[in-house]
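In this text the structure is predicted, and so the values were computed from the model without any measurement. In what follows, every chain begins at residue 1, and chains take the letters A, B, ... in the order their sequences are listed.
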Amino acid sequence: MRLSRYFLPTLKETPSEAQIASHRLMLRAGMIRQGAAGIYSWLPLGLRVLKKIEAIVREEQDRAGAQELLMPTIQSAELWVESGRYEDYGKEMLRIEDRHGREMLYGPTNEELITDIFRKEVRSYRDLPKMLYHIQWKFRDEIRPRFGVMRGREFLMKDAYSFDLTPEGAVRSYNAMFVAYLRTFARLGLKAIPMRADTGPIGGDLSHEFIILAETGESQVFFHKDFEKKDALSLNPDFDADLQPIVDDWTSIYAATEEMHDAATCGVAEGDLVTGRGIEVGHIFYFGDKYSKPMGATVQGPDGELVNVEMGSYGIGVSRLIGAIIEAFHDDNGIIWPESVAPFKVGLINLRSGDAACDGACEQLYKDLGAAGVEVLYDDRDERAGAKFANMDLIGLPWQVTVGPRGLEKGMVELKNRATGEKTEVALAEIVAKLS
RNA sequence: CGGGGAGUGGCGCAGUCUGGUAGCGCAUCUGUUUUGGGAACAGAGGGUCGCAGGUUCGAAUCCUGUCUCCCCGACCA
């Protein structure tokens with residue numbers, strides 16, 4: 001992409017409403033613009049990151065055996081009356097009336113709808129287990145939206161739902177999602193800590209929150225320092241095998257959110273206990289027949305009896321993750337994207353647009369990198385060097401290739417690592433190979 | 001929902017107390033000179049001051065109502 005043609009409205013100054021780093025940087029880097037309180041438009045750069053995260057989430061869901069479908073944003077109130085949550089959910093649910101006076105709502109979650117789909121189609125235990133998910137916009141009318149996309153009212157969420165015949169089977173599904181989440185967050189460059197959590201209005205017996213550490217996090221968290229050594233990226237689980245050992249390995253180390261933590265009973269020595277603030281990026285629940293029972297989602301078991309299916313639900317805040325990643329990876333100059341979610345891998349800076357040698361070298365590099373499958377944002381604008389450097393640091397692409405007259409005389413370009421700040425001289429002829 | 005703050009060119013803000021018909025920086029456009037960490041000079045365009053009503057010869061400024069946004073707290077898959 002050529003920056004001269006790209007819709008990338010970056011800001012030198014911080015809009016006054018943005019308080020925390022991720023919100024400020026997302027506005028300044030031209031990723032989002034606010035439409036109303038807690039509601040945002042995603043501009044091209046922001047959307048690219050959102051899509052990258054979505055793709056990783058999708059890959060790991062598929063790998064864990066879940067199947068993607070897509071449910072609508074607008075739902076009928078009837079199902080929610082049936083489950084008993086139409087009244088319970090309160091004002092956080094955006095209620096809508098259509099032209100015929102039917103009660104509708106903008107879905108805050110999808111347990112009811114997926115249960116309805118399931119009960120209409122599945123009759124036999126032979127069809128179980130089933131794990132279905134979608135990645136769809138949700139709306140929750142938060143009392144006080146804040147922190148940009150971290151606590152928006154409209155947000156993109158991956159929500160998965162499992163259906164099993166028995167509690168044991170449900171735990172297997174739960175474990176599969178648990179491990180899939182470990183991998184997902186690790187691939188996003190994040191250290192996520194699973195913590196036993198309160199099940200809240202979803203209800204149920206078993207629940208973990210996945211929390212990444214950041215100073216601006218909304219919840220206080222406590223965990224054993226051994227978590228700092230855990231590495232989920234190296235997990236290569238066989239999802240057909242028993243995953244309980246992996247889950248046990250990760251849950252045997254103490255970690256809890258504020259509501260669940262009790263210093264007296266946690267059993268962690270004071271010197272080993274780490275306290276911090278965290279951002280919840282995922283939450284998984286096993287809740288048995290909480291929805292299948294009132295909604296009559298049954299299958300016929302081996303003995304011919306009708307059984308309410310055992311269910312679980314599993315959420316990842318896809319749009320929130322962008323904010324969380326920026327909270328974890330930024331400095332005074334801007335964002336520092338992990339390579340897996342960077343909107344482009346390389347920023348190509350032409351220090352002297354209009355200079356024949358610089359233009360020629362850049363055009364060739366741009367073409368060659370593109371041919372090598374490397375995503376490049378080429379700053380071909382007629383701007384001064386400082387402006388280009390500052391802008392590139394702000395949007396945080398992992399690699400910057402600087403082409404200027406001085407280096408070109410020697411056949412060299414400069415390669416900068418955004419994360420470390422390290423700059424190296426690389427021969428023009430070698431740069432494509434180095435970045436591919 | 002309780003408490004607090006703010007709405008003035010695209011962005012950041014001053015002007016409001018002490019009414020007299022809108023200003024600064026950045027950004028934008030044109031030209032010239034520049035060019036390795038957010039250039040300089042010259043010129044130009046762009047707002048009727050959130051909205052509605054009122055007071056007044058005259059309202060960004062005073063009064064009433066209303067909408068929106070932000071912050072703290074409570075709330076929160």
Side-chain angles (χ1 to χ4, degrees), chain A residues 9-20 23-24 27-28 30 33-39 85 88-93 107-111 138-148 150-153 155 157-161 177 181 195 197-204 206-211 217-219 257-259 279-287 290 312-318 320 332-334 349-355 358 379 381-394 400 402-409 412-414 416 421 423 425:
Chain A
T10 56
L11 304 173
K12 231 162 149 178
E13 292 176 273
T14 303
S16 58
E17 74 269 18
Q19 296 298 310
I20 64 167
H23 191 195
R24 284 200 304 266
L27 290 168
R28 287 194 53 211
R33 287 295 182 260
Q34 186 178 68
I39 300 176
R85 283 210 289 183
D88 292 352
Y89 222 92
K91 290 192 147 183
E92 211 172 293
M93 185 151 75
T109 177
N110 284 64
E111 279 83 6
K138 304 292 188 291
F139 194 94
R140 291 181 195 170
D141 201 355
E142 300 280 352
I143 298 170
R144 181 149 102 86
R146 60 185 128 175
F147 304 145
M150 295 242 285
R151 187 161 204 80
R153 293 195 290 173
F155 58 97
M157 182 164 94
K158 184 286 299 180
D159 40 322
Y161 304 90
M177 278 295 135
Y181 276 32
M195 306 198 183
D198 198 4
T199 52
I202 298 277
L206 184 57
S207 174
H208 284 90
E209 287 181 7
F210 287 76
I211 291 190
E218 288 190 84
S219 21
T257 54
E258 200 168 9
E259 311 85 74
I279 301 167
E280 181 189 343
V281 289
H283 201 154
I284 60 178
F285 300 86
Y286 162 50
F287 47 71
K290 179 172 159 77
S313 72
Y314 315 90
I316 290 180
V318 176
R320 172 182 285 184
D332 290 346
N333 295 326
I349 298 175
N350 184 345
L351 276 189
R352 192 75 61 86
S353 293
D355 175 89
C358 289
D379 192 345
R381 298 170 307 161
D382 185 17
E383 288 286 341
R384 297 172 66 90
K388 292 189 175 187
F389 287 134
N391 202 59
M392 212 46 101
D393 283 346
L394 172 64
Q400 295 173 16
T402 301
V403 177
R406 246 157 43 191
L408 273 188
E409 285 176 14
M412 306 294 271
V413 297
E414 186 182 273
K416 176 178 163 184
K423 296 175 187 171
E425 291 262 293

Spacing of [X] atom [atom1] relative to [N] atom [atom2], expressed in whole Å:
| X | N | atom1 | atom2 | result |
| --- | --- | --- | --- | --- |
| R384(A) | C41(B) | CZ | P | 12 Å |
| R352(A) | G36(B) | CZ | P | 7 Å |
| K423(A) | G36(B) | NZ | C1' | 9 Å |
| L351(A) | G38(B) | CG | P | 12 Å |
| R24(A) | G12(B) | CZ | C1' | 15 Å |
| R33(A) | C11(B) | CZ | C1' | 9 Å |
| K388(A) | G37(B) | NZ | P | 13 Å |

>> Just to verify, what does F210(A) make a ring-ring contact (aromatic ring centres under 6.0 Å, His included) with, not counting sequence neighbours?
In response: F178(A), Y181(A), F185(A)

> Taking only residues two or more places apart in sequence, or in another chain, which ones meet F139(A) in a ring-ring contact (aromatic ring centres under 6.0 Å, His included)?
Replying inline: Y106(A)

Tell me what [X] touches on the nucleic acid: a base, only sugar-phosphate, or nothing, going by heavy atoms under 4.0 Å.
| X | value |
| --- | --- |
| K416(A) | base |
| G407(A) | base |
| E280(A) | sugar-phosphate |
| D355(A) | nothing |
| T14(A) | sugar-phosphate |

Partner of [N] by Watson-Crick or G-U wobble geometry, both contacts under 3.5 Å, or none?
| N | value |
| --- | --- |
| U28(B) | A44(B) |
| G2(B) | C72(B) |
| G23(B) | C13(B) |
| U55(B) | none |

>> Taking the basic N atoms (NZ, or NE/NH1/NH2) and the acidic carboxylate oxygens, is any pair closer than 4.0 Å for R85(A) and E111(A)?
In response: yes

Just to verify, what does [X] make a side chain to side chain donor-acceptor pair (under 3.5 Å) with, not counting sequence neighbours?
| X | value |
| --- | --- |
| D379(A) | R381(A) |
| R153(A) | D141(A) |
| N391(A) | T10(A) |
| S353(A) | K388(A) |

Short N/O separations, protein against nucleotides 23-31 of chain B, under 3.5 angstrom:
residue, atom, partner, partner atom, Å
G25(B), N2, E13(A), OE1, 2.9

Pairs under 3.5 Å (N/O, protein and nucleotides 5-7 of chain B):
none

>> Among residues at least two apart in sequence or on other chains, which ones pass salt bridge (Lys or Arg N to Asp or Glu O under 4.0 Å) with E142(A)?
In response: R151(A)

>> Checking E13(A) now: which residues fulfil salt bridge (Lys or Arg N to Asp or Glu O under 4.0 Å) with it, not counting sequence neighbours?
In response: none

> Residues in side-chain contact (heavy atoms from CB on, under 4.5 Å) with A387(A), at least two apart?
Replying inline: E383(A)

Got a list of protein N/O to nucleotides 67-72 of chain B N/O distances below 3.5 Å?
residue, atom, partner, partner atom, Å
C69(B), OP1, A37(A), N, 3.0
C70(B), OP1, Q34(A), NE2, 2.9
C70(B), O3', E17(A), O, 3.4
C71(B), OP2, R144(A), NH1, 3.4
C72(B), OP2, R144(A), NH1, 3.3
C72(B), OP2, R144(A), NH2, 2.6

